[in-house]
Amino acid sequence: MMSGENDAPPPEWFARAVAAPRESRFVEVEGCAIHYLRWGDPARPGLVFVPASGGHAHWYAHIAPLLAAQFHVVAIDLGGCGDSGRRAAYTQASMAAEIMAVCADSGMRAAAVPPTLIGHSAGAQCAVRTAMAHGTALLGVIAVDGLRYAALEKDQAVKILNAPGSAPRPAPRPARVYATREEAVSRFRLMPAPLIPISNGYIVDYIARHSFHAVAGGWAAKYDTAQAATITLGLELKDVLKDLHCHAAVIYAEHTHLADDTAVARMTALNAGLVPVFVIPGTSHYPAIDSPFAFVAAINGIVLSWAAAALRPARL
């Protein structure tokens, strides 16, 4: 979808959400300034949203306030994304360090209930890898439309990532400079493209307006495309959830490029029936955009049950 396709004014709930009080913070991680946004009471159980590759904290500016009544919510700009600094080289280990540093800096590590990581797309893989290394410091991890269990023909990523026989990955391209911010915003696209139309153009437009910054000669994307070198198909993650030292759950979109109608059965079996796996009906790869209320309800249901169990006294 192109930003601005839908000229209708945003609904009241959205305007209220993006205007809700929030704090913008930075923490230095291995020489890089990492930016994050946070909402809610630090004493409440923490939620950390990890965006997809190239995504940024403002992807969740309409979601976080809907959760802040019961959670302390953070959305991170990983290194090379959003308003965070850039690195000479990006690694999966550095991204895990960034996530855990934000958990600590925000105060989530000191709360009565440890934080839960919620990663989308490539961010889901990043969140799971962080849980593999730091599971004892977390309540849980939720992978949102980001875990593959097979290299499906319809999955365009298979053609460009590190699958056997795939072509070499192209070198990062310099960011294109647009003359004006409006021109830049008008060229914004969701990538990969959703498999079904998304009607919530006002959300896409809001995300687009936070995706560019002023540079010499005009406006360019904030995203450092060199960060994409950390992305893989992540097939090795398909059966690790059952062995994590924290809770885990998997959410798929109904209309997604990286799964088919066997996803729930296959991921459930791969994880010995120990991990809840389900589909949000009617959604594209971007459930927080096209189905925000269903997405919020799913997160609430999963994490509130985990938090309640964590606070329940042990029974003899």
Side-chain angles (χ1 to χ4, degrees), residues 17-42 46-65 67-68 71-111 115-127 129-130 134 138 144 172 175 181 184-185 188 203 205-215 219-231 288-289:
V18 296
R22 66 189 183 217
E23 184 179 7
S24 175
R25 293 176 62 91
F26 287 87
V27 59
E28 185 167 315
V29 184
E30 300 174 356
C32 184
I34 299 302
H35 174 255
Y36 66 96
L37 299 174
R38 75 171 181 177
W39 299 254
D41 184 349
L47 302 178
V48 180
F49 284 100
V50 183
S53 177
H56 49 77
H58 287 89
W59 278 65
Y60 297 97
H62 65 295
I63 293 292
L67 294 160
F71 297 102
H72 176 204
V73 189
V74 157
I76 186 174
D77 289 337
L78 292 170
C81 300
D83 295 321
S84 286
R86 297 190 171 194
R87 295 187 182 277
Y90 300 93
T91 66
Q92 294 168 356
S94 67
M95 291 189 291
E98 292 164 8
I99 291 169
M100 295 308 295
V102 165
C103 287
D105 186 73
S106 64
M108 289 184 176
R109 297 285 299 273
T116 295
L117 309 183
I118 305 165
H120 169 238
S121 194
Q125 298 177 24
C126 184
R129 291 189 177 101
T130 303
H134 303 280
L138 301 171
V144 180
R181 186 186 187 201
V185 169
F188 179 82
I203 300 179
D205 186 76
Y206 179 86
I207 292 169
R209 291 183 180 280
H210 290 275
S211 297
F212 300 90
H213 61 168
V215 298
W219 291 77
K222 295 178 178 179
Y223 179 45
D224 182 359
T225 55
Q227 196 240 31
T230 62
I231 302 172
I289 296 176

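- Taking every heavy atom of both residues into account, Ala175 and Ala221 meet most closely at CB-O, 4.5 Å.
- Every residue meeting the side-chain hydrogen bond (donor to acceptor under 3.5 Å, both in side chains) condition with Ser121, not counting sequence neighbours, appears here in chain and number order: His285.
- Of all the heavy atoms in Cys81 and Gly55, the pair that sits closest is CB-O, 3.3 Å.
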Problem set entry | Stepwise side-chain contact (heavy atoms from CB on, under 4.5 Å) test for Tyr36 and Asp105 | CA-CA 10 Å; Tyr36 66 96; Asp105 186 73; 2.5 Å; yes
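- Considering every non-hydrogen atom in both Val74 and Ser106, the closest pair reads CG2-CB, 4.0 Å.
- Residues passing the salt bridge (Lys or Arg N to Asp or Glu O under 4.0 Å) test with Glu23, sequence neighbours excluded: Arg25, Arg38.
- Remark: the backbone N or O of Glu30 is paired with a side-chain donor or acceptor of Arg87 at under 3.5 angstrom.
- At a threshold of 4.5 Å between non-hydrogen side-chain atoms, the residues His56 and Lys222 do not count as touching.
- In this structure the side chain of Ile207 reaches within 4.5 angstrom of the side chain of Phe188, judged on heavy atoms.
- The structure places OG of Ser53 at 11.5 Å from NE2 of His120, a figure rounded to the nearest 0.5 Å.
- Looking at heavy atoms from C-beta onward, His58 lies out of side-chain contact with Arg209 at the 4.5 angstrom threshold.
- Contact annotation: the side chain of Leu47 never approaches that of Pro115 to less than 4.5 Å [non-hydrogen atoms, C-beta and beyond].
- Of all heavy-atom pairs spanning Ala184 and Trp219, the tightest one is CB-CB, 4.2 Å.
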For this session: Might you work through the side-chain contact (heavy atoms from CB on, under 4.5 Å) test for Phe49 and Leu67, ending with a clear yes or no?
Result: CA-CA 12 Å; Phe49 284 100; Leu67 294 160; 3.7 Å; yes
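- By the 4.5 Å heavy-atom criterion applied to side chains, Leu78 and Ile99 are counted as neighbours.
- Inter-residue side-chain proximity for Met95 and Gln227 is flagged as met; some heavy-atom pair is nearer than 4.5 Å.
- Residue pairs meeting the ring pair (Phe, Tyr, Trp, His ring centres under 6.0 Å) criterion with at least one partner in residues 71-108, sequence neighbours excluded, do not occur; the list is empty.
- What you find for Pro21 and Trp39 is that their closest heavy atoms are O-CD1, 3.3 Å.
- Within the 4.5 Å cutoff, the side chain of Thr130 has no heavy atoms near those of the Glu98 side chain.
- Side chain of Ser84 to main chain of His35: a donor-acceptor pair is present (N/O by atom type, distance under 3.5 Å, no hydrogens or angles).
- The minimum heavy-atom distance linking Val73 with Ala64 is given by the pair CG1-CB, 3.6 Å.
- Taking CG of Asp224 as the start and CZ of Arg86 as the end, the distance is 4.0 Å to the nearest 0.5 Å.
- The distance from the CG atom of Leu138 to the OG1 atom of Thr116 is 7.5 Å, given to the nearest 0.5 Å.
- In this structure, the side chains of Cys103 and Leu117 come closer than 4.5 Å at one or more pairs of heavy atoms.
- Distance check: Arg129 CZ to Gln92 CD gives 3.5 Å after rounding to the nearest 0.5 Å.
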